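Take a look at the structure set out below.
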Amino acid sequence: MKVLANFVQKNGARLDLSLPSERSFTYNKGVNKKQKTIFHMDGDAFFVAVEVAKNPKLRGLPVVTGEEKGIVSALSYEAKALGVHRGMPIFQLKKQFPQVIITPGDYASYARYSTKMFDIVRRYVDDVEEYSIDECFADLTGLDKPLKMSYREIAERIKKEIIEELDLSVSIGIASTKVLAKVASKWKKPNGLTIIEPENIPDFLLNTSIEKVWGIGRQTTEFLRQRGIRNAHDFISKDIEWIRDTLAEPYEVIWHELRGLSLKEIDPRPKTKYSSMQRTRSFHPATNDRVFLLSQLSKHIEDACAKARHYELSTRKFSFFLKTRNFEYFTYSLSLSSPTNAPEIFISLVQRYFDEVYRKGVMYRTTGVNLFELASTSVSQFDLFGDGDRAHKFEQIHKQIDSLEDKYGKKVVYLASTHHARNRGVKGTEVDDLDRDILFL
DNA sequence: TCTGGGGTCCTAGGACCC
DNA sequence: TCTGGGGTCCTAGGACCC
């Protein structure tokens, strides 16, 4: 039995394994004064819904997206009703459910619809936190007066406008905290609107199993279940001291939020900056081909660096990893003397240290790279003494290539070390590709 | 020399999310 | 359910310092 690392230090002798004896919970009235009204909205089967909005002939049919990934990444309610589930391999889907319509993901469209959907919310409230492509939070506190509508009416208007203008349906939850608003929006799906009033918190939580709570995942669910905590109400019935002594700090925040005390702020700042970027790819069958694996890593670095340059971000820190057929990770982390976003620098390091993680007899299923601690590329960060000079030259070259590619379309130019990965499985195209592409390094 | 008590900074890796 | 890809945040513990 694996114990969650976060718990290791604290779950010594003093565990209380008993069930909470009292199942009644009284809402803390002191909190009422600063009662907030938090709104959470969640797109219903969003990716697939956009496919249907683009092509209404698909309405009412079992549809999934994710063809290019090889697994079902989103599915319509009709597909779900058949027994299709997220993560199901496409080949298996085809065999088992030949009637299901499979589409490739069209992320540009999803992003467009997402923006439009959030803009409708912004007609009513200025500060909207775009939590993911199909989910947002907003603080509606006090808006009922100036808008001369109840909170329910505001939510109904938003739903109506999204359906009429975008042909999409959403589910909305309203409660006094973000965690509760998430519980509410999940309560009825699709096309739901659920409001949790403070006095109804216990009822909702008694019917919310612990793993459904935002922030409580598989490991913590298992840990809590062993201690008799099955639903969210069991969780909030524990003393705060018990939570503090047994779990890590984020769970204390969840405990308060579930009781109605708002601690998680709405953060409306646009997420244009990334603090890390990663690129990974799995393949099957698993392989031990050293050249192939290196070439995959090269491609990942090239792609991640292209994105980093697009956002004008650089870093000194990066890592690469191989994942074995048995899902074991072997990671190698590196620090440079100065930040860069030139792939040549990272690739030469991967080539140098690859054998620190690679083993001859082992079969690998995934490769990946991670750039982290990304920061704005600053003009004045020349490193005249170290590797920075070399990196700087490459950065200049890439700047030129990037602007060329913007003009003439994507990926005309790529690194020679990536060639193998980009042409895998396409037979008889090698010569053509060499003709068309400019290779360097 | 077999031995402190503390602070800070960094890293690796885990858990979680969609 | 034999498991894709892209993120964020947290924390224990080591390194280093006085």
Side-chain angles (χ1 to χ4, degrees), chain A residues 2-11 40 42-43 45-47 64-75 80 83-93 96 104-105 107 110-111 114 129-137 178-179 182 185-186 210-224 247-254 264 267 271-286 296 300 303-304 307-308 311 313 316-321 323-335 357 365-374:
Chain A
K2 249 177 100 178
V3 180
L4 179 60
N6 288 352
F7 301 134
V8 169
Q9 289 304 309
K10 291 186 170 180
N11 66 359
H40 179 253
D42 194 354
F46 183 69
F47 289 0
V64 309
T65 73
E67 189 168 27
E68 77 291 348
K69 285 187 190 173
I71 58 148
V72 174
S73 67
L75 62 162
K80 198 176 191 173
V84 181
H85 58 83
R86 247 182 116 238
M88 181 183 267
I90 294 288
F91 73 89
Q92 191 186 328
L93 175 77
Q96 212 174 333
Y107 295 90
Y110 307 154
S114 169
E129 175 180 334
E130 299 187 9
Y131 178 69
S132 76
I133 194 156
D134 73 330
E135 279 183 49
C136 69
F137 288 100
K178 288 172 100 172
V179 173
K182 275 269 224 181
S185 67
K186 266 192 201 171
I210 194 68
E211 70 269 20
K212 301 275 188 204
V213 175
W214 184 37
I216 296 186
R218 251 225 312 258
Q219 299 296 319
T220 310
T221 294
E222 179 60 25
F223 182 89
L224 292 174
L247 305 173
E249 201 265 337
Y251 300 95
E252 197 180 327
V253 173
I254 292 170
K264 289 171 174 276
D267 182 3
K271 273 209 206 132
T272 50
K273 297 268 176 188
Y274 294 86
S275 70
S276 75
M277 278 176 193
Q278 90 174 36
R279 282 291 181 277
T280 67
R281 180 69 70 204
S282 300
F283 25 84
H284 105 288
Q296 289 285 317
H300 293 142
D303 292 349
K307 184 169 177 185
Y311 289 97
L313 297 169
R316 294 172 52 225
K317 312 243 173 153
F318 89 108
S319 65
F320 64 95
F321 70 83
K323 183 160 68 169
T324 70
R325 194 164 49 182
N326 306 322
F327 286 79
E328 292 165 310
Y329 283 86
F330 293 93
T331 307
Y332 199 86
S333 304
L334 286 151
S335 281
V357 294
R365 66 171 344 264
T366 309
T367 60
V369 306
N370 201 344
L371 308 182
F372 45 104
E373 291 186 25
L374 288 160

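Fair warning: this is a prediction, and the values are worked out from it, not measured in the lab. Numbered from 1 within each chain, the chains take letters A, B, ... in sequence-line order.
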Looking at the side chain of Pro250(A), which of dG4(C), dT11(C), dT8(C) is the nearest nucleotide?
dT11(C)
Measuring to OP1 and OP2 of dG7(C), would you say a side-chain N or O of Ser132(A) lies under 4.0 angstrom away?
no
Mind checking Val84(A) for me? I need base, sugar-phosphate or nothing, with any heavy atom below 4.0 Å counting as a touch.
nothing
Could you check whether Tyr332(A) and Phe321(A) have their ring centres less than 6.0 Å apart?
no
Would you say the side chain of Thr367(A) lies within less than 4.5 Å of the side chain of Thr280(A), judging by non-hydrogen atoms?
no
From CD of Gln219(A) over to P of dG13(B), roughly how many Å is that when rounded to an integer?
17 Å
Distance, rounded to the nearest Å, where Phe372(A) contributes CZ and dA12(B) contributes P:
7 Å
Would Phe318(A) and Phe372(A) count as a ring-ring contact (aromatic ring centres under 6.0 Å, His included) here? Give the steps.
CA-CA 6 Å; Phe318(A) 89 108; Phe372(A) 45 104; 8.3 Å; no
First encountered from the 5' end of DNA chain C, between Lys307(A) and Ile71(A)
Ile71(A)
When the distance from CZ of Arg218(A) to P of dC2(C) is rounded to whole Å, what number comes out?
13 Å
Ignoring backbone atoms, establish whether Ser333(A) has a side-chain N or O less than 4.0 Å from OP1 or OP2 of dA12(B).
yes
Steps toward side-chain hydrogen bond (donor to acceptor under 3.5 Å, both in side chains) verdict (Ser73(A), Thr65(A)):
CA-CA 6 Å; Ser73(A) 67; Thr65(A) 73; 3.3 Å; yes
Quickly work out the Ile254(A) CD1 to dC16(B) P distance and round it to whole Å.
9 Å
What nucleotide among dG4(C), dT11(C), dC17(B) has an atom nearest to a side-chain atom of Lys182(A)?
dC17(B)
Are Phe46(A) and Ser114(A) close enough, and set up right, to give a side-chain contact (heavy atoms from CB on, under 4.5 Å), and what steps lead you there?
CA-CA 9 Å; Phe46(A) 183 69; Ser114(A) 169; 4.2 Å; yes
Quick one: is dG4(C) close enough that its OP1 or OP2 comes under 4.0 Å of any side-chain N or O from Arg365(A)?
yes
OP1 or OP2 of dG6(C) versus the side-chain N and O atoms of Thr280(A): is any pair under 4.0 Å?
yes
Look at Ser275(A) and dT8(C) and indicate whether a side-chain polar atom (N or O) is within less than 4.0 Å of OP1 or OP2.
yes
In terms of the nearest nucleotide of DNA chain C, which residue is placed more toward the 5' end: Gln92(A) or Asn370(A)?
Gln92(A)
Short side-chain N/O contact to dG6(C) OP1/OP2 from Gln278(A), under 4.0 Å
no
Indicate, with a heavy-atom threshold strictly under 4.0 Å, whether Tyr131(A) touches base, sugar-phosphate, or nothing.
sugar-phosphate
Do Trp214(A) and Tyr251(A) have their ring centres less than 6.0 Å from each other?
no
Within the structure shown, what part of the strands sits under 4.0 Å from Ile133(A) by heavy-atom distance: base, sugar-phosphate, or nothing?
nothing
Under 4.0 Å between any heavy atoms, over every strand shown, what does Gly215(A) touch: base, sugar-phosphate, or nothing? Just pick one.
sugar-phosphate
Expressed in angstrom and rounded to an integer, what is the separation of Tyr251(A) atom OH from dA15(B) atom P?
9 Å
Who is the Watson-Crick or G-U wobble partner of dC18(B), with both distances under 3.5 Å?
dG5(C)
Using only side-chain N and O atoms of Lys323(A), determine if any of them is under 4.0 Å from OP1 or OP2 of dG5(C).
no
Nearest-angstrom distance, C1' atom, dC17(B) to dG4(C)
15 Å
Think Ser319(A) has a side-chain N or O under 4.0 angstrom from the OP1 or OP2 of dA12(B)?
no
For Val179(A) and Val213(A), work out which heavy atoms get closest and say how close.
CG1-CG1, 4.2 Å
Looking at dG4(C), I'd like to know if its phosphate oxygens (OP1 or OP2) sit under 4.0 Å from a side-chain N or O belonging to Arg281(A).
no
Using a cut-off of 4.0 Å on non-hydrogen atoms, how would the nucleic acid contact of Arg279(A) be classed: base, sugar-phosphate, or nothing?
sugar-phosphate
Tell me the interatomic distance from Leu75(A), atom CG, to dG4(C), atom P, rounded to whole angstroms.
17 Å
How would you label the contact of Met277(A) with the nucleic acid (heavy atoms, under 4.0 Å): base, sugar-phosphate, or nothing?
sugar-phosphate
Using Watson-Crick or G-U wobble geometry with both distances under 3.5 Å, which nucleotide pairs with dA12(C)?
dT11(B)
Round to the nearest Å and state the distance from His300(A) atom NE2 to dG5(C) atom P.
8 Å
Return the value, rounded to whole Å, for the distance between atom CG of Leu93(A) and atom P of dT1(C).
17 Å
